[in-house]
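Here is the structure we will look at.
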Amino acid sequence: MPVQLLKIIKGESEIPLPSHLQKEELKCLQEGIDYTNKYFQGTVVLSYAVTKLRDGTDFLKVVLQDSNDFCSRINSINILIHGKMAEDCAKVIRPGDTFVVAGFKVAKSPTAKEDGRHAYHLKVSEEAGSAIYVRWYQTWIISLASQSVAPKYVYTPLNHLKDGTVVNLYGIVKFFKPPYVSKGTDYCSVVTLVDPSNAKLTCTLFSGNLDSLPKIYKIGDIVRFHRIKIREYNGQMQGITSGGFASLTFDGTVGAPVVPRASSRESKSGWIFFSSKAYSQWNKSVSLSSGKAWNLGNGQPLIQRCFLNGLFSLQVWDGTKCPYPTWKVPVESRDLEGERGLLHQLRNLTVDILVYDNHVQLAKSLKIGSFLRIYSIHTKQASSDNHDVSHVEFHLHGGTCYGRGIGVLPENNSDVRELKEFLESVDLAGSQNLDSMSSVELDGIFCNVADFQSHLQRCQQLSVTVLTDHQDLNNTGLRTILNSTAPQQYRIRAKLRTFKPQKLHQSIKLHCSKCNSLKEVPNGDDLNLILQESAATAPNPELHNTSWYDSVLWTTQDQKQRKIAIHFVKHDEMLQEPENTLLMIEGGTLKEVWKLSRKFKCVIPVRSTEDDLKLLDLSAPFLLQGSVKYYGCKQCSTPKTIKSLSTLAAEQRPSWEPTEIAQVLGVVPLQYVFIMKFTLVDGTGALNAYLFDYEKFFQIPASEILTSDFLQQKMQMTMNTLCPPGRKLDDLPWLECFIKSYNVTDGMKHQVYYQIFDTTVAEDVV
DNA sequence: GGTTAGGATTAG
């Protein structure tokens, strides 16, 4: 078969070609070379009609674009097909198809100048021993499949649309807003399509009937629109519903290679399934009364409250358990009729979503038990009244920007089927008679859901941490590592059984990279004391108003009559904007220094001596920038007088980088680090590994966490994910880590230590 | 038959 048509096989991204064929690049083509065993692969951009040459042979010209090169100026080439292959080929190819031509001849293209394509064209014929392989682009498989039966529609490529026409078209969904209630009389859905012509079309679709709008569930779905009107709007073509508009949607999922990701917990990515249906399935097998089992969302007080506030809430479950405490709409237990204990238990698995404004109407119309996909949910971390426990809230805000809205998935949707399968597997884990069970035993059942989930995650080899390098290394068991000599490096897969310190703020230390010492971060009381001591020395007026700083002096109005001097560093004889200004302060309290550091770029606490300003004792920060206090190492620093700072001030654009400031002041800066001890286990053994991290592991700068409640909560949540409190070992998530072993000799004592490196918390955990 | 919205955040 000279022309071979290859259907897309799920999971296969490469065309299976004979092994003797070698790929040829466009830019390497030359005349006079034997291309019998070479092939070129491209995407069909254009395909002309078959014509007959003078000698009666069929002829077809096809334009291919290099599949791997969309950037070069010349990335397309003419393919000239002679003989029977021309007809065969014309029958099957459409723009967008992947086209492989093997065993071709190369010749100069006489039209290169006019068409701007490659200087050579490829000549193909059966007689020359050529072969052509075509893989239909998904879209066109569908279009051809329907047309091969009744080819009565013509589909216009998106780059050929004209104002004022009504056309039929195919496209791949690039963006969509699920149908929402418009301010007029209809539902509205906005859909942006692309096709192999690389053109884009945004369509605004209206219909009073929800069913006649396209049922798009995912970006990448393929749609067919019949009788859509094309108009020009703001200089671009726009599609709009017209009389007789009809649409068809296909699942665009091709067996694409799986994107390597650490984890795929769906609730975080905004995919949430309304689960009562799934629940009722589960429900059936545990011999509860089936049917309308899920009525949390319709609890009377909830609806009443929501009506009053113009709000509405949905309770959903995607089969997983949110690793963080989530906000719950208060529902009084007397309104939970029937399986009260069960509904109560279920509340640990469901998530409440507050629905606002225009989404309320649609939310109210949802049937209990439908599977939903809710787009662009806002998750918000908030503290409850007692402050020490934070929770996550889910809001579906008003408006439809970025496709915010609710979509209903049909039962036969592949994702829904997958979810159902998942829940059926859960059944196997706990098919017991619930009627006779106590609530303690019910807890057991839900543990099994979590068990199953964690088992599933293990099977999928998900990890809550990812490696930032050396992915090619194989895992080593902890036992093997413990039995090996140091120093070495390993890749491991283990669980975090426990960690120290449990009070996370205690993990922050100051590290000197010069002498490798670690120090505690001074607390506010320490600092106040040092500042107070330094305030005992009155500012020396002789040091005020120099060539490179202006000074201001005042006395506090309180009884202490403190003298405070502030020296503003000038630049080009001028004072800069506060946000670019460095200042030095004498006699300020911690609060005053802190306030100034919020307004000004840099604040340096100083004291007067006879002949120059000097830094305070290095127990105090030598610099404050924003909320960060920079400290210097007492052992390694040899502080100079403040005068040395004038060289930096004289620079054209002083950046006031802490490292530069430290350097000119003779200070060896200390760096903030997280120091933690992780006890890791993997079934073969347990070892303690130290985490020494400036920022990389938690993706939180150690320097900023002490002054940020938000970052502290973020770190707490991360640790809750890595090592969820109260879980059994089996339920803990896996961590992929690199560790290195090293020797430490202290006198006669010799020990091997382990440190985590080149590892970071997975994207969806932080 | 007209309108709606016309992708391009909410901030409750």
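Residue numbers start from 1 in every chain, and the chains themselves are labelled A, B, ... in the order their sequence lines are given, proteins ahead of strands. Small disclaimer: the values here were computed from a predicted structure and weren't measured.
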Out of [options], whichever nucleotide has its closest atom nearest the side chain of [X]:
X	options	result
A:Arg231	B:dG6, B:dT4, B:dA8	B:dG6
A:Thr204	B:dG7, B:dT4, B:dG6	B:dG6
A:Thr185	B:dA5, B:dT4, B:dG6	B:dT4
A:Tyr402	B:dG12, B:dG7, B:dT3	B:dG7

Go through the N and O atoms of the side chain of [X] and the base of [N], and report whether any donor-acceptor pair is under 3.5 Å.
X	N	value
A:Thr202	B:dG6	no
A:Lys177	B:dG6	no
A:His397	B:dG12	yes

Practice task
With A:Ile230 as reference, evaluate A:Leu158, A:Asp163, A:Thr165, A:Thr156 under the side-chain contact (heavy atoms from CB on, under 4.5 Å) test and give the passing residue.
Solution key: A:Thr165

Exercise for the section: Please work out whether the ring planes of A:His395 and A:His378 are parallel, tilted or perpendicular, with thresholds of 30° and 60°. Expected result: tilted

Just the rounded figure in Å: distance from [atom2] of [N] to [atom1] of [X].
X	N	atom1	atom2	value
A:Asp357	B:dG12	CG	P	12 Å
A:Lys200	B:dG6	NZ	P	13 Å
A:Lys229	B:dT4	NZ	C1'	14 Å
A:Ile353	B:dT10	CD1	P	19 Å
A:Phe176	B:dA8	CZ	C1'	16 Å
A:Leu205	B:dG7	CG	C1'	12 Å
A:Asn358	B:dA5	CG	P	10 Å
A:Ile240	B:dG1	CD1	P	16 Å

Problem - B:dT3 versus B:dA8 - spacing of their C1' atoms, nearest Å - result: 24 Å

Exercise for the section: Can you tell me, in whole Å, how much space there is between the P of B:dA5 and that of B:dT10? Expected result: 15 Å

Practice task
On DNA chain B, check which nucleotide each of A:Phe175 and A:Gly184 is closest to and give me the residue with the more 5' one.
Solution key: A:Gly184

Practice task
Please confirm whether A:Phe698 and A:Phe674 have ring centers closer than 6.0 angstrom.
Solution key: yes

Exercise for the section: Determine, answering yes or no, if A:Tyr356 is stacked on B:dT10 under the 5.5 Å centre rule and the 30° plane rule. Expected result: no

Practice task
Name the nucleic acid region contacted by A:Gly399, choosing base, sugar-phosphate or nothing; use a 4.0 angstrom heavy-atom cut-off, strictly under.
Solution key: nothing

Practice task
For the residue pair A:Glu232 and A:Gln238, establish whether any side-chain heavy-atom pair is separated by less than 4.5 Å.
Solution key: no

Exercise for the section: Establish, from distance only, whether the side-chain atoms of A:Glu393 and A:His391 form a donor-acceptor pair under 3.5 Å. Expected result: yes

